[in-house]
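The structure appears right after this line, and notes come after that.
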Amino acid sequence: MRGESRMTFQDQLYPPKGLRVLVTAGASGIGASIASAFAETGAKIHICDIDDDALAEFQKSFPSCFVSHADVADEKQVTAMFETQRAKFGGLDVLVNCAGIAGPTAGVDKITEQEWTRSIEVNLNGQYRCLHHAVPMLRDSEAANIICISSIAGRIGIPWRTPYVATKWAIVGIAKSLAIELGPDNIRVNALLPGTVDGPRMDGVISARAKLEGIDEKAMREEYLRSISLGRMVTADDVALMCLFLCSPAGRNVSGQAISIDGNYV
């Protein structure tokens, strides 16, 4: 408006510098891409992971970032991680709940109780634990954001992947409910639903399903691609860029959404 200073449209596309960002499972894969993207915008990064080698490698690339060994399935380790967050950073602005496992690829009658429970503990209960500790700190932030990483499995059914799919649907419900609950505190909450993400984890999923269905891995990969309108897998960086948008001024009124990043997986 005339006579008033405001941010340019370009400025509004980037998160403010200095955000305190915690990314679970941030040492590799999607989590590492998200943490790297925020680091490049001047954020203060804290990541956790269970892979010490990956944590060391990430810190080598981003020496200013803080790393913690923490399994989100372990309440004591999660509690310690958030105590560290408060001690080292004085609070929290952005929680990216990224930790998750693929779980078993098998029929429901073949999945063991242990496999089912482990999937729930990491993918679902892990999200709860981090949210439980993060929300009090986020209430004190002027730029509070929660991003819960779900999956396109959070809106469709996938055979042989019941534990994984069940958790990813639940994560969407968590995000939509918390967006209502925390809106009065000016905390935005969204779920991201990545599609078929190119990388080692997806290679493993394709291999396991191909073996289960008795077909060639190349044929199984082509079957996945035929389900994507754009005919290509997405990348971890695609997910990271959406995180940056949600935490930028341009995303200030986006909350309670389940956002697919999938090339239109149908």
Side-chain angles (χ1 to χ4, degrees), residues 24-25 29-31 72-73 96-128 130-131 146-180 189-236 238-239 242-243 256-266:
T24 65
I30 291 175
V72 297
V96 183
N97 247 341
C98 189
I101 59 174
T105 299
V108 70
D109 56 324
K110 304 296 184 184
I111 296 168
T112 68
E113 181 86 11
Q114 183 179 13
E115 289 172 326
W116 179 273
T117 300
R118 179 61 180 170
S119 297
I120 299 297
E121 277 299 316
V122 177
N123 294 4
L124 184 55
N125 294 347
Q127 294 245 349
Y128 153 73
C130 292
L131 291 164
I146 296 170
I147 299 173
C148 298
I149 304 299
S150 176
S151 162
I152 54 165
R155 65 174 177 83
I156 62 174
I158 300 177
W160 323 117
R161 301 291 306 287
T162 306
Y164 179 79
V165 173
T167 61
K168 295 304 181 178
W169 276 72
I171 289 168
V172 172
I174 287 172
K176 285 185 170 292
S177 298
L178 284 183
I180 301 168
V189 188
N190 292 285
L192 295 188
L193 283 61
T196 306
V197 181
D198 195 16
R201 180 167 168 176
M202 194 65 221
D203 292 344
V205 169
I206 290 172
S207 177
R209 186 169 171 186
K211 183 178 181 180
L212 183 68
E213 298 189 10
I215 65 175
D216 181 73
E217 283 189 32
K218 182 179 179 181
M220 178 57 69
R221 183 174 294 273
E222 290 172 351
E223 182 178 323
Y224 272 91
L225 292 174
R226 282 194 297 272
S227 299
I228 304 169
S229 296
L230 292 179
R232 60 175 181 263
M233 295 185 182
V234 300
T235 69
D238 293 326
V239 183
M242 182 59 72
C243 290
Q257 304 305 305
I259 302 171
S260 293
I261 307 162
D262 61 8
N264 193 39
Y265 189 100
V266 294

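Between the Trp160 side chain and the Val108 main chain, no donor and acceptor come within less than 3.5 Å of each other. Under a 3.5 Å cut-off, the side chain of Arg161 and the backbone N or O of Ala102 do form a donor-acceptor pair. Checked by atom type and distance alone, the side chain of Thr105 never pairs as donor or acceptor with a backbone atom of Arg209 at under 3.5 Å. With Thr167 contributing its side chain and Ile120 its backbone, the two residues share no donor-acceptor pair below 3.5 Å. With hydrogens and angles disregarded, no donor-acceptor distance shorter than 3.5 Å links the side chain of Ser151 to the backbone of Gly154.
Listed by first and then second residue, the salt bridge (Lys or Arg N to Asp or Glu O under 4.0 Å) pairs that reach into residues 165-176 come to none, sequence neighbours excluded.
Evaluation of the ring pair (Phe, Tyr, Trp, His ring centres under 6.0 Å) rule for Tyr128 yields His132 as partners, not counting sequence neighbours. By the side-chain hydrogen bond (donor to acceptor under 3.5 Å, both in side chains) test, Glu121 pairs with Asn125, Arg129, sequence neighbours left out. For Ser177, the side-chain hydrogen bond (donor to acceptor under 3.5 Å, both in side chains) test picks out no residue, with sequence neighbours left out. Take Glu217 and apply the salt bridge (Lys or Arg N to Asp or Glu O under 4.0 Å) test, not counting sequence neighbours, and it matches no residue. For Asp203, the salt bridge (Lys or Arg N to Asp or Glu O under 4.0 Å) partners two or more places apart in sequence, or in a different chain, are Arg221.
Summarising the geometry of Ile149 relative to Cys98, their closest heavy-atom pair is CG1-CA, 3.8 Å, with the distance given to 0.1 Å. The shortest non-hydrogen separation linking Ala175 to Val189 is O-CG1, 3.6 Å. The heavy-atom pair separating Asn123 from Ile171 by the smallest distance is O-CD1, 3.5 Å.
Within 6.0 Å of CH2 on Trp116 lie more than 12 heavy atoms contributed by other residues, nucleotides or ligands.
Note: Gln257 CD to Leu193 CG = 11.5 Å, rounded to the nearest 0.5 Å. Glu222 contributes atom CD, which lies 12.0 Å from atom OG of Ser227 (distance to the nearest 0.5 angstrom). Expressed to the nearest 0.5 Å, how far CD of Gln127 lies from CD1 of Ile146 amounts to 10.0 Å.
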Verdict with supporting geometry, Asp262 and Arg155, salt bridge (charged side-chain N to carboxylate O under 4.0 Å, His left out): CA-CA 12 Å; Asp262 61 8; Arg155 65 174 177 83; 2.5 Å; yes

